[in-house]
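Each residue takes its place number in the sequence, starting with 1.
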Amino acid sequence: MTKPAMEAPRIGIVGWKNSGKTTLAAALIAELTARDLVVASVKSAHHDFQIDDPKTDSGKHATAGAAQTAILGSARWAIMGNDKDAEPLTLDDILARMSPCDVIVIEGFKNSTHPKIEVRGDHDDRSTLADTDPAIIAIASDAEIETSLPVFRRDAITELSDFAVGKLGVLI
């Protein structure tokens, strides 16, 4: 069932800042992995971020001007791009570079069209993203919400996973 990442089913986790997106994404990844699925993840960052400490060897390579830096350990590896003049990569650009998987959990990328679950914070009084985004297929919230979409408690990971797997047609 493993497919090239560009062809693998995608489920997004979106919401306003500090709504619990990362907590939900990590729980969903753990649940799907426990179901013996090969799960890949992509996280959007809205700012310049630092993976390598400039004091590490790979950080020194990047600081010296390497356009890409790869670091390999016995069980982990990473490739970092370091071209500040390049056009930003798209979600599809990244997926084209990823290994085959069964499903991809994507945190952020609010404007993408893949199916998404909106996470609502405990005291979130901002508008529901689902009101304007037809790609949102469910909401995770501990508060009552008026919507025609399925609503799950944020800690209902088994039920959310069942829903996502069913909606995406992922075979287990």
Side-chain angles (χ1 to χ4, degrees), residues 2-33 37-54 58-59 62 66-71 76-141 145 149 151-152 154-155 157 160-161 163-165 167-168 170:
T2 303
K3 300 177 179 184
M6 283 295 292
E7 298 172 19
R10 307 169 189 182
I11 186 70
I13 306 297
V14 297
W16 297 109
K17 184 175 180 167
N18 296 320
S19 61
K21 296 181 299 291
T22 300
T23 300
L24 181 63
L28 188 61
I29 291 165
E31 176 68 23
L32 295 173
T33 299
L37 293 171
V38 176
V39 182
S41 73
V42 178
K43 165 73 173 102
S44 173
H46 296 287
H47 45 79
D48 203 18
F49 60 93
Q50 182 70 36
I51 293 176
D52 275 344
D53 182 321
S58 58
Q68 287 189 329
T69 304
I71 185 165
R76 299 182 74 176
W77 58 271
I79 299 174
M80 283 77 64
N82 298 306
D83 188 352
K84 291 181 178 17
D85 296 326
E87 287 292 316
L89 296 177
T90 66
L91 179 58
D92 283 343
D93 292 334
I94 293 300
L95 294 178
R97 290 168 166 84
M98 294 181 78
S99 299
C101 57
D102 295 318
V103 64
I104 300 168
V105 176
I106 301 169
E107 182 182 339
F109 294 92
K110 281 184 205 167
N111 296 321
S112 292
T113 59
H114 55 266
K116 295 174 262 192
I117 297 169
E118 178 180 352
V119 184
R120 303 285 297 171
D122 288 335
H123 305 288
D124 209 337
D125 59 355
R126 292 168 283 196
S127 63
T128 303
L129 297 172
D131 290 342
T132 58
D133 186 350
I136 294 177
I137 59 172
I139 297 175
S141 174
I145 294 182
L149 295 173
V151 178
F152 298 87
R154 290 187 303 170
D155 62 357
I157 302 306
L160 267 168
S161 297
F163 175 79
V165 163
K167 276 291 200 185
L168 299 175
V170 176

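From Arg126, atom CZ reaches atom OG of Ser19 across 7.5 Å, with rounding to the nearest 0.5 Å. If you take CD1 on Ile104 and CG on Leu32, they are separated by 12.0 Å, rounding to the nearest 0.5 Å. The line from CD of Glu7 to SG of Cys101 is 10.5 Å long, rounded to the nearest 0.5 Å. Atom CD1 of residue Ile139 and atom CD of residue Glu118 lie 5.0 Å apart, to the nearest 0.5 angstrom.
Counting heavy atoms from C-beta outward, Trp16 and Ser127 have side chains that approach closer than 4.5 Å. The side-chain heavy atoms of Arg154 and Val119, taken from C-beta on, include a pair separated by under 4.5 Å. A heavy-atom distance below 4.5 Å is not found between the side chains of Val39 and Leu28. You'll find the side chain of Val42 reaches within 4.5 Å of the side chain of Met98, heavy atoms only. Residues Leu160 and Glu31 fail the side-chain proximity criterion, which asks for heavy atoms closer than 4.5 Å.
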Do Ile79 and Arg97 pass the side-chain contact (heavy atoms from CB on, under 4.5 Å) test, and can you show the C-alpha distance, the side-chain angles, and the key distance before you say yes or no?
CA-CA 10 Å; Ile79 299 174; Arg97 290 168 166 84; over 6 Å; no

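A pairwise comparison of heavy atoms in Ala25 and Val105 identifies CB-CG1, 4.1 Å as the closest pair. Residue Lys21 comes nearest to Ile13 through the heavy atom pair O-CG2, 3.7 Å, listed as atom of the first residue, atom of the second, then distance. The two residues Leu24 and Ala140 have their closest heavy-atom pair at CD2-CB, 4.0 Å. Nearest heavy atoms, Pro9 versus Leu168: CB-CB, 3.9 Å. When every heavy atom of Gly108 is checked against every heavy atom of Val14, the shortest pair comes out as O-CG1, 3.4 Å. Smallest separation of non-hydrogen atoms from Ala164 and Ile11: CB-CG1, 4.3 Å.
Side-chain contact, Glu107 with Thr22: a donor N or O sits under 3.5 Å from an acceptor N or O.
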Identify all side-chain donor-acceptor contacts of residues 109-117 below 3.5 Å with residues at least two apart in sequence or on another chain.
| unit_1 | atom_1 | unit_2 | atom_2 | d |
| --- | --- | --- | --- | --- |
| Lys116 | NZ | Lys110 | O | 2.7 |
| Lys116 | NZ | Ser112 | O | 2.4 |
| Lys116 | NZ | Asp133 | OD2 | 2.7 |

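Side-chain N or O atoms of Arg10 include none that pairs as donor or acceptor with a backbone N or O of Ala5 at under 3.5 Å.
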